[in-house]
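Please read the structure below before turning to the comments.
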Amino acid sequence: TSPWWVTGDADALERAITNLLDNAAKWSPEGGVVTVTLEHGTLMVADEGPGISPEDLPHVFERFYRSAESRGMPGSGLGLSSVRSIAERHGGDVRAGSAPGGAGAAFWLTVPGQPSPPDGAPE
């Protein structure tokens, strides 16, 4: 993990990261591991759950979209849509796919920033 300094709406960015972490925890089996890394401005959150089916993958960031597997679980279908909106408002993006190693889902959130604090920023 490497530091990454971002200028933006701290509450919104926190909400985006929390949504990704909550989803990973929700989909992980009991005793499963959620992996979080931050490298060069890209935050990856991966779980050990069932992953995202190829049919659902193009839709996971749509408002109110719920896969057939998720309809019996808590949630409104707004979390990932919100993550995408927050990323885009900050000039970044988010993508979904298979976790490294192929077991589970992973999300990559990228927001422009820099590896050291801007001049005058508190450390």
Side-chain angles (χ1 to χ4, degrees):
T1 299
S2 57
W4 196 250
W5 293 82
V6 174
T7 301
D9 180 341
D11 291 337
L13 291 166
E14 179 181 357
R15 191 167 51 255
I17 293 166
T18 300
N19 280 344
L20 294 177
L21 294 170
D22 285 348
N23 273 355
K26 178 168 70 172
W27 286 101
S28 288
E30 187 162 333
V33 174
V34 172
T35 302
V36 181
T37 62
L38 176 62
E39 296 294 332
H40 308 292
T42 298
L43 178 77
M44 183 202 66
V45 178
D47 64 46
E48 295 180 339
I52 303 168
S53 74
E55 298 81 29
D56 291 324
L57 195 55
H59 305 287
V60 296
F61 296 107
E62 294 174 8
R63 286 176 55 96
F64 303 113
Y65 183 77
R66 308 246 329 179
S67 68
E69 296 82 10
S70 71
R71 290 188 186 128
M73 299 180 83
S76 64
L78 288 173
L80 292 176
S81 172
S82 175
V83 171
R84 180 180 64 183
S85 174
I86 292 165
E88 289 174 351
R89 274 196 327 235
H90 287 83
D93 66 3
V94 63
R95 62 186 178 86
S98 296
F107 292 86
W108 292 266
L109 172 64
T110 304
V111 179
Q114 58 195 53
S116 58
D119 291 338
E123 291 194 43

**OP:** For residues Leu80 and Leu20, determine if any side-chain heavy atom of one lies less than 4.5 Å from a side-chain heavy atom of the other.
**Re:** yes
Original post:
Does CD belonging to Glu14 count more than 12 external heavy atoms closer than 6.0 Å?
Top reply: no
Original post:
Can you name the nearest heavy-atom pair linking Ala24 to Val34, along with the distance?
Top reply: CB-CG1, 3.7 Å
Original post:
Between CZ of Arg95 and OG1 of Thr110, what distance do you get to the nearest 0.5 Å?
Top reply: 7.0 Å
Original post:
Cluster partners of Met44, using ILVMFWY side-chain heavy atoms under 4.5 angstrom, listed by chain and number?
Top reply: Trp108
**OP:** Answer with yes or no whether the hydrophobic clustering places Val36 together with Phe107; edges join I, L, V, M, F, W, Y residues whose side-chain heavy atoms lie under 4.5 Å apart.
**Re:** yes
Subject >> Interatomic distance, Thr18 atom OG1 to Asn23 atom CG [nearest 0.5 angstrom] >> reply: 11.0 Å
Subject >> Spatial distance of atom CD (Glu62) from atom CG (Asp56) [nearest 0.5 Å] >> reply: 10.0 Å
Under 3.5 Å, sequence neighbours excluded: what are the donor-acceptor pairs made by side chains of residues 83-90?
{"residue": "Arg84", "atom": "NH2", "partner": "Phe61", "partner atom": "O", "Å": "3.2"}
{"residue": "His90", "atom": "ND1", "partner": "Ile86", "partner atom": "O", "Å": "2.8"}
{"residue": "His90", "atom": "NE2", "partner": "Asp9", "partner atom": "N", "Å": "3.0"}

**OP:** State, with a plain yes or no, whether a side-chain heavy atom of Trp5 is found less than 4.5 Å away from one of Pro115.
**Re:** no
Subject >> Heavy-atom pair of closest approach, residues Gly79 and Asn19 >> reply: O-ND2, 3.3 Å
**OP:** Return the set of residues passing side-chain contact (heavy atoms from CB on, under 4.5 Å) with Ile17 (not counting sequence neighbours), or none when no residue passes.
**Re:** Leu21, Leu43, Leu109
**OP:** Kindly give the heavy-atom pair with the smallest separation between Ala46 and Pro100, and that separation in Å.
**Re:** CB-CD, 4.2 Å
Original post:
Sequence neighbours excluded, which residues qualify as side-chain hydrogen bond (donor to acceptor under 3.5 Å, both in side chains) partners of Ser28?
Top reply: none
Original post:
Between Val111 and Trp4, which heavy-atom pair has the shortest distance, and what is it?
Top reply: O-NE1, 2.9 Å
Subject >> Inter-residue atom distance Thr7.OG1 - Leu13.CG, 0.5 Å rounding >> reply: 10.0 Å
Original post:
Do Val45 and Val33 sit in the same hydrophobic cluster, where Ile, Leu, Val, Met, Phe, Trp and Tyr count as joined when their side-chain heavy atoms come under 4.5 Å apart?
Top reply: no
**OP:** Please name all residues satisfying side-chain contact (heavy atoms from CB on, under 4.5 Å) with Ser98, sequence neighbours left out, ordered by chain then number.
**Re:** none
